[in-house]
Amino acid sequence: MKKKIALIFGVTGQDGYYLTRLLLSKNYIVHGIKRRSSSVPTKRIDTFLNQNNFHVHYGDLTDAASIQNLISIIKPDEIYNLAAQSHVGVSFFTPLYTANVNAIGVLAILDAIRNSQKKMKFYQAGTSEMFGKTKDKFQTEETKFNPQSPYGTAKLFAHHITQNYRDAYKIFACNGILFNHESPYRGENFVTKKIISTLTKIKFKIEKKLILGNLYSKRDWGHAKDYVEAIHKILQQKKPDDFVIASGKQYSIKQFVNLTASRLGIKLKWIGKGLKEKAITSSNQVIVEVSKKYFRPLEVDHLRGNYTKAKRILKWKPKTNIYQLIDEMINEEKKLIKNLKR
Ligand code: NAP
Ligand code: GDD
């Protein structure tokens with residue numbers, strides 16, 4: 001049987017790693033796009049670089065010519081757009097750049113597909129941040145969008161333009177609306193990775209303090225490995241459609257700190273309020289503090305997804321619970337610390 005060809009924008013990121021691993025295991029030929037960078041951008045995907053079925057090319061979502069060239073040369077069966085300026089906080093500092101990559105870049109891919117002779121399926125990495133300030137306790141595909149950041153707003157354009165190209169040009173184009181998903185491969189400046197990495201280092205006396213922003217926002221966290229399985233399933237359906245992918249569980253940042261501390265055997269007591277809120281150990285060492293620096297101009301207070309549609313149509317459900325996720329991330333940090341000490 002002829003091997004399917006996949007093209008992944010954002011192959012060097014967290015989800016890029018897990019999706020590449022999944023597609024290679026399914027015997028795909030995988031092409032990925034990397035950006036020019038002054039440091040090595042392919043750290044996460046190093047293990048795949050010597051495989052015959054895996055190819056990496058230079059390109060950039062802000063360069064429509066590079067997108068068009070790549071799509072016309074590679075002629076993929078499936079295109080996964082995971083590329084984005086993916087940090088919500090950073091999007092307030094770089095709003096135009098974020099919109100260029102996360103909104104206009106997606107349109108450039110869709111337009112290249114429209115102009116191609118070959119039929120290609122398209123996946124757009126949408127996000128629960130599009131729900132933003134929501135009154136709904138659980139968010140579904142029907143929940144009203146109300147984004148609160150340049151990131152969420154740009155992603156909402158991408159969501160609508162994907163639907164627009166699907167309807168107008170009959171392109172097999174789908175949106176995933178994914179809630180937060182984490183893993184040992186998560187970027188360092190996302191809150192779960194920051195909490196786990198710093199608390200583990202505190203446990204091993206390599207660091208002294210964890211400094212966070214808003215402790216009271218609530219998120220629905222799953223494992224990236226499970227979520228890329230849903231992404232792949234979305235493109236294997238008979239009809240193109242949009243799906244919420246979530247765990248259905250919700251924890252505050254403070255609860256995530258408490259869970260991580262307890263998995264590490266650190267006893268914490270919280271004292272103070274607002275910017276003076278702190279967590280101290282049984283020996284009165286302050287190990288968690290709050291700083292204004294990490295607050296955003298606008299916050300999304302709570303997110304919690306309802307994945308009933310994905311369960312019904314994709315036969316998908318999350319496999320990893322929050323305890324397993326935290327333990328896996330802690331174990332990875334412990335390995336890194338061991339290597340540091342060698
Ligand atoms: P990530 O680790 O930050 O990866 C983002 C990828 O996009 C990286 O490969 C990055 O390249 C690439 N990229 C950034 N700007 C680019 C540009 N101008 N041109 C080409 N590539 C560019 O993010 P992730 O966690 O894997 O998330 C994957 C996608 O899902 C993103 O679109 C994100 O917005 C979306 N999403 C993520 C979550 C989540 O919780 N993880 C939830 C919902 C939606 P470099 O490696 O060179 O930076
Ligand atoms: N990053 C970060 N750093 N966030 C902090 C910190 C901190 O020191 N302290 C508190 N937070 C709070 C943020 O204000 C936010 O409410 C929450 O922790 C989660 O922040 P992130 O881990 O940065 O993730 P996010 O929810 O903003 O965005 C992630 O999930 C989205 C899906 O809902 C990203 O992966 C996005 O790309 C994704 O679309």
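All figures in this text were calculated on a predicted structure; none of them were measured in a lab. Both counts, for ligands and for their atoms, begin at 1 and track the order of listing.
Only side-chain heavy atoms of R296 come within less than 4.0 Å of ligand 2; its backbone N, CA, C and O stay farther off.
Every atom of ligand 1 is numbered from 1 in the order shown, and the set under 4.0 Å from a heavy atom of Y97 is 15 (N), 18 (N). Counting the atoms of ligand 1 from 1 in the order shown, those under 4.0 Å from a heavy atom of G126 are 43 (C), 44 (C). Set against the non-hydrogen atoms of G13, the atoms of ligand 1 under 4.0 Å away are 2 (O), 4 (O), 8 (C), 9 (O), 26 (O). Counting atoms of ligand 1 from 1 in the listed order, those under 4.0 Å from a heavy atom of T127 are 43 (C), 44 (C). Using a 4.0 Å cut-off to heavy atoms of E299, the atoms of ligand 2 that qualify are 13 (C), 14 (O), 15 (C), 16 (O). Set against the non-hydrogen atoms of K155, the atoms of ligand 1 under 4.0 Å away are 31 (C), 32 (O), 33 (C), 34 (O), 35 (C). Taking every heavy atom of L178 and a limit of under 4.0 angstrom, the matching atoms of ligand 1 come to 42 (C), 43 (C). Interface of G213 with ligand 2, defined as ligand atoms under 4.0 Å from a residue heavy atom, comprises 6 (C), 8 (O), 9 (N), 10 (C). Near N180, with a cut-off below 4.0 Å to any heavy atom, the atoms of ligand 1 are 40 (O). Taking every non-hydrogen atom of S128 and a distance limit under 4.0 Å, the qualifying atoms of ligand 2 come out as 32 (C), 33 (O). Residue S86 approaches ligand 1 through these ligand atoms, each under 4.0 Å from one of its heavy atoms: 1 (P), 3 (O), 23 (O), 33 (C), 34 (O).
Taking any N or O of L178, backbone or side chain, none lies under 3.5 Å from an N or O belonging to ligand 2. In terms of polar-atom proximity, defined here as any N/O pair under 3.5 Å, S217 does make such a contact with ligand 2. Residue A125 has no N or O atom closer than 3.5 Å to an N or O atom of ligand 1. Polar contact with ligand 2: present for N189 (N/O pair, distance under 3.5 Å). Looking at ligand 2, you'll find an N or O of V191 within less than 3.5 Å of one of its N or O atoms.
At least one heavy atom of H87 sits less than 4.0 Å from an atom of ligand 2. Residue contacts with ligand 2 include R186, since one or more of its heavy atoms lies under 4.0 Å from the ligand.
Below 30°, between 30° and 60°, or above 60°: for F131 and F145 the angle between ring planes is below 30°, a parallel geometry. Using bins of under 30°, 30° to 60° and over 60° for the plane-to-plane angle, the ring pair F48/Y17 lands in the parallel bin.
A donor-acceptor pair under 3.5 Å links the side-chain atoms of S25 to the main chain of L22, judged by distance alone. Side-chain atoms of S252 never come within 3.5 Å of backbone atoms of Y216 as a donor-acceptor pair (strictly under, hydrogens ignored). No donor-acceptor pair closer than 3.5 Å links the side chain of E289 to the backbone N or O of V286.
Between the choices Y151, Y185, F9, Y58, the shortest heavy-atom distance to atom 33 (C) of ligand 1 belongs to Y151. The heavy atom nearest to atom 31 (C) of ligand 1, considering only V228, L82, I8, is found in L82.
S197 and K201 form a side-chain donor-acceptor contact under 3.5 Å, judged by distance and modelled atom types alone.
Partner Q148 forms a side-chain contact (heavy atoms from CB on, under 4.5 Å) with one of D301, T153, V300, T134 and no other, that one being V300.
Salt bridge status for D226 with K317: absent, with no side-chain N to carboxylate O gap under 4.0 Å.
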